[in-house]
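Okay, structure first, notes after.
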2 protein chains.
Amino acid sequence: MYQKKIPEVLDCGIAVAVKVIGGKWKAWIIDCIRRGVARPSAIHREMEVVNPRIINLHLKELEEMGIVYKEIFAEVPARVEYRLTTVGRSLLPVINVLEQWGNENKEYVNGHHAEYILGNN
Amino acid sequence: MYQKKIPEVLDCGIAVAVKVIGGKWKAWIIDCIRRGVARPSAIHREMEVVNPRIINLHLKELEEMGIVYKEIFAEVPARVEYRLTTVGRSLLPVINVLEQWGNENKEYVNGHHAEYILGNN
DNA sequence: CAGGACAGGGAAAAATTTATCCCTGTCCTG
DNA sequence: CAGGACAGGGATAAATTTTTCCCTGTCCTG
């Protein structure tokens, strides 16, 4: 893994939350697992546009942060399943809020808003 | 500005939200403005650990996304103030949720949790 | 005038994240 | 046995973000 040269600033709650879901594909991965897409290969299939290697890296980070848990079954063709930890599940409402806001405002944010909307402030 | 070579995937609401607050200092900047720290130099003072150049870049992005609005007063030593647009203000509850989750879980996320917490799933 | 606050940005480097390529294994099925 | 699914990772490149350094102006105050 990459060794950081600039120490992270993680006293702020927002920074912590962004660290957890700020990765390019992390939220999507969490969403997969929450929907029960648990096995690595299944996640890879779901997220076909993303390189499997990347997904694995993100999964490892999520595991190290205690968001997902990796269960390795002692079966013959060793099976692996990811699931959310308690803390990981506590993240779901947060993701829902993000998703809702994003969906409500995606056109605006990406759009050509020469017209800025100002309210009373 | 940097010209992207890989097109962004912004159909997903989460991706949009992360784009808005995922930058390293964006949420902090938004927090400054929401607290009324409006002038560039004031924001720079608040965020002393961050290079002013970076703050300016992030401000520009936030402006382009329609989250903040830049008001240039036609005064003699041209004064500039940033404030949140309506959409920018709609982001505040979202940030609050992020911040609360982060504060509640920062020790856990950064901590040495060899002990993964699993609930019923 | 000297110095500092103020707003802003170019150029280039460094740091970090993301992506690509390809390899090592095991096991199961046809 | 051949091929494919499965889990995983090293090495390296590319893309993106962040940082540093330094420059251009205006205006105001001592």
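First the proteins, then the strands, lettered A, B, ... as listed; each starts at 1. When reading the values below, keep in mind they use all heavy atoms of this one structure, side chains included, and skip hydrogens, waters and symmetry mates.
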- Query: When you check the phosphate oxygens OP1 and OP2 of C:dA19, does a side-chain N or O of A:Trp25 lie under 4.0 Å from one of them?
  - Reply: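 Indeed, a polar side-chain atom of A:Trp25 lies that close.
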
- Query: CD of A:Glu48: more than 12 outside heavy atoms within 6.0 angstrom?
  - Reply: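 Not buried by this count: 12 neighbours or fewer within 6.0 Å.
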
Check whether any side-chain heavy atom of [X] lies under 4.5 Å from a side-chain heavy atom of [Y], and answer yes or no.
| X | Y | value |
| --- | --- | --- |
| A:Ile95 | B:Trp101 | no |
| B:Gln100 | B:Val97 | no |
| B:Trp28 | B:Val50 | yes |
| A:Leu91 | A:Leu84 | no |

- Select from A:Lys5 and A:Val49 the residue whose nearest nucleotide in DNA chain C is closer to the 5' end of that strand.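 First, find each residue's nearest nucleotide; the 5'-ward one identifies A:Lys5.
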
- Could you say whether A:Pro7 or B:Arg79 is positioned toward the 5' end of DNA chain C, judged by the nucleotide with the nearest heavy atom to each? B:Arg79

For a quick check of understanding: with a heavy-atom distance under 4.0 Å over all strands, which category does [X] fall into, base, sugar-phosphate or nothing?
| X | value |
| --- | --- |
| A:Ile6 | sugar-phosphate |
| A:His44 | nothing |
| A:Lys26 | nothing |

Do any side-chain atoms of residues 6-24 of chain B form donor-acceptor pairs under 3.5 angstrom with protein atoms, and if so which ones, sequence neighbours left out?
unit_1: B:Glu8; atom_1: OE1; unit_2: B:Lys19; atom_2: NZ; d: 3.2
unit_1: B:Glu8; atom_1: OE2; unit_2: B:Lys19; atom_2: NZ; d: 3.1

- Query: Which of the following nucleotides, C:dA19, C:dT20, C:dT16, is nearest to the side chain of A:Arg53?
  - Reply: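 Among the listed nucleotides, the one closest to the side chain of A:Arg53 is C:dT20.
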
Nearest-Å distance for atom pair [atom1]/[atom2], residues [X] and [N]:
| X | N | atom1 | atom2 | answer |
| --- | --- | --- | --- | --- |
| B:Lys4 | C:dA19 | NZ | P | 12 Å |
| B:Asn51 | C:dA13 | CG | C1' | 13 Å |
| B:Ile54 | C:dT16 | CD1 | P | 13 Å |
| A:Leu59 | C:dT17 | CG | C1' | 16 Å |
| A:Tyr2 | C:dA15 | OH | P | 6 Å |

- Same hydrophobic cluster for B:Leu59 and B:Leu57, using side-chain heavy-atom links shorter than 4.5 Å among ILVMFWY?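 No, separate clusters.
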
- Query: Within the distance-only criterion (no hydrogens, no angle test), does the side chain of A:Arg79 pair as donor or acceptor with the backbone N or O of A:Phe73 below 3.5 angstrom?
  - Reply: no

- Please name the pair of heavy atoms, one in A:His58 and one in A:Ile29, separated by the smallest distance, quoted to 0.1 Å. CB-CD1, 3.5 Å

- Nearest-nucleotide wise, let me know which of B:Gly23 and A:Pro40 is further upstream toward the 5' end of DNA chain D. A:Pro40

- Message: Only Watson-Crick and G-U wobble pairs, only distances under 3.5 Å, only runs of 3 or more: what stems does that leave for DNA chain C?
- Response: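 C:1-30 with D:1-30 - these are the stems of 3 or more pairs that involve DNA chain C.
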
- chain B contact limits on DNA chain D, taken 5' to 3' with a cut-off of 4.0 angstrom to heavy atoms: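 The footprint of chain B covers D:dA15 to D:dC28.
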
